[in-house]
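Okay, structure first, notes after.
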There are 2 protein chains.
Amino acid sequence: MDSPAPTAKPVRARRSQEQRRRDMRHVLIEATLDSLQAGGYHGASLGDILARAGVSRGAWAHYFDSKLELVAAAAEAMLQGSVAQAADIAADIGAGVPDGGAPAEERLAALLEAVWRRFYQGRHRDVLFELAVACRTDAALRARLAPVFAELLAALGGAWGHRFRPRGDAPAMDELMRLTVYMLRGMAMQEAVSGGDGGGAALRRQWARLLAGLVEPAP
Amino acid sequence: MDSPAPTAKPVRARRSQEQRRRDMRHVLIEATLDSLQAGGYHGASLGDILARAGVSRGAWAHYFDSKLELVAAAAEAMLQGSVAQAADIAADIGAGVPDGGAPAEERLAALLEAVWRRFYQGRHRDVLFELAVACRTDAALRARLAPVFAELLAALGGAWGHRFRPRGDAPAMDELMRLTVYMLRGMAMQEAVSGGDGGGAALRRQWARLLAGLVEPAP
DNA sequence: AAAAACAAACCAATCGGTCTGTTTTTGCAA
DNA sequence: TTGCAAAAACAGACCGATTGGTTTGTTTTT
């Protein structure tokens, strides 16, 4: 029929060992993130993760020495992906609007929405909170993730910190950024726990309006 | 010697059964909160809780049908205590300052610090985050705690919502309150995870200053 | 004496991790 | 190219430890 391969055995593409490694690690990491989102840190057991990945225990053991290493690898993969996305956001916001084109409020609102969508919604948000809370009481996990967390925060700050400057006697740019991040984080936790959207969009819009009165485009 | 009791057996005060019930529930609930703070939701095993409480498994079973009920009872006790404290804060801030005495910024800063101290520090903060995150993936726990969470938020809002009103075209009082709560929450999570204080006090002060420009004392 | 409060042994289920054995890929010799 | 042994990749049974929960029996209050 449609079997050009000489063997009639179950069709299994021949993959190089390097390809296998990449595939397997990717599948395991994705399953780990899915499991963390679905069941939380305490629900993400090896059994659940391996079932989602369709991977045997032995195969897992071949790639990771412990569950901590798998979770840490998954967290690093997700957070490092976020660092790259933060740079994208900076580029998107910087471009698209000719200098002085749109009023600062619109640019700020767009920036806020972009950050919100990519970092404080969906799986990224859920896993972020699970890991952050788990880090509080798990020193080993915290040691592994602390540098990546810090890197993400710095990248996020770089996305907009140097595109605006405080106006008059407004708080320093760094302080405004932290206020913004904390606010988004608290809002995200509210929505993660309570479920649906609780009018967060309107609130972010108000915050953009307030910010617009406090900053001006950097020269 | 100093044993006025007629029996030479280990001195054990005779307590009424009602007293016993109260004591035992209190001890178990306190131990549960301590365990949640120390080990997180996934580290708060029955074994750890009972060891902290110095209570046998059988005694525990006499009072709670499942671990969920114990955790829920502990959460309710803590959150309901917080609701009462929220009212105290409202009273403290309202009194002490004769009408128009201190400038709005000082009153707001004091309010912010009071709320911060009582709700976003120490065991209360840690347990709050553990439970909130656990609720996301535990429907039974969420069903039990959602009403108490909502009650706390309302009580916290009542503490200051009606003492100020937005100035000019500032956001509605309700929106300013949610912005504030979210900001404090995000800041608290930062400190819970990263450990020490990261300049949060200065940031809260800045926020009070911004708020002062947006609200005025209600008539 | 009855009931409530308490203690501790016990249980099945599940956890992370290891062990042994099989299949697939690879490097090299013929 | 083909043959083939070593190595890597993979599968699943197995293990002790720990989990939440139950059961049986003793002490204290009523």
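In what follows, chains carry the letters A, B, and so on, assigned in the order in which the sequence lines appear, proteins first and then strands, with residues in each chain numbered from 1. On a predicted model such as this, the values are computed, not experimentally measured, just so you know.
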Exercise for review: Taking B/Arg204 for its side chain and B/Ala109 for its backbone only, find out whether a donor-acceptor pair lies under 3.5 Å.
Suggested key: no
Review point. Under 4.0 Å between a side-chain N or O of B/His62 and OP1 or OP2 of C/dC6?
Key: no
Check your understanding: Whole Å only: how far is the CG atom of B/Leu50 from the C1' atom of D/dT19?
Key -> 12 Å
Check your understanding: Would you say B/Ser35's side chain and B/Ala31's backbone share a donor-acceptor pair under 3.5 angstrom?
Key -> no
What does the list of N/O pairs under 3.5 Å between the protein and nucleotides 10-15 of chain C look like, with a distance for each?
unit_1, atom_1, unit_2, atom_2, d
C/dC15, OP1, A/Ser45, OG, 3.3

**Study point:** Aromatic centroids of B/Trp116 and B/Trp207 separated by under 6.0 Å
**Key:** no
**Study point:** Given D/dG21, C/dG17, D/dC10, the nucleotide with the shortest approach to the side chain of B/Trp60
**Key:** D/dG21
**Study point:** Under 3.5 Å on both distances, the Watson-Crick or G-U partner of D/dT30
**Key:** C/dA1
Review point. Atom CZ of A/Phe64 to atom C1' of C/dT18: distance rounded to whole Å?
Key: 18 Å
Review point. With side chains defined as the heavy atoms from C-beta onward, is the minimum distance between A/Leu108 and A/Val215 less than 4.5 Å?
Key: yes
**Study point:** Side-chain N,O (A/Tyr63) to OP1/OP2 (D/dA8) below 4.0 Å
**Key:** no
Review point. Which comes earlier along DNA chain D counting from the 5' end, the contact point of A/Val55 or that of B/Leu68, where each point is its nearest nucleotide?
Key: A/Val55
Check your understanding: Hey, which of A/Arg22, A/Arg21, A/Arg15 is the one that makes side chain to side chain donor-acceptor pair (under 3.5 Å) with A/Glu18?
Key -> A/Arg22
Practice item. Please answer whether the main-chain N or O of B/Leu203 pairs with a side-chain N or O of A/Glu175 as donor and acceptor at a distance below 3.5 Å. Key: no
Study note, to complete from the structure: Note: contacts of residues 20-32 of chain B with DNA chain C (heavy atom, under 4.0 Å) are B/Arg20, B/Arg21, B/Met24
Review point. Does A/Arg178 reach the main-chain N or O of B/Met187 with its side chain, forming a donor-acceptor pair under 3.5 Å?
Key: no
Point to revise | Heavy-atom closest pair, residues A/Asp48 and A/Gly43 | key: CB-O, 4.1 Å
Practice item. For the pair A/Glu69 (side chain) and A/Phe64 (backbone), establish whether a donor and an acceptor sit closer than 3.5 Å, ignoring hydrogens and angles. Key: no
Point to revise | A/Arg15 side chain near D/dA8 phosphate (N/O to OP1/OP2, under 4.0 Å) | key: no
Point to revise | Interatomic distance, B/Ile49 CD1 vs D/dG20 P [rounded to whole Å] | key: 8 Å
**Study point:** Nearest listed nucleotide, side chain of A/Ser56, among D/dA11, C/dG17, C/dC6
**Key:** D/dA11
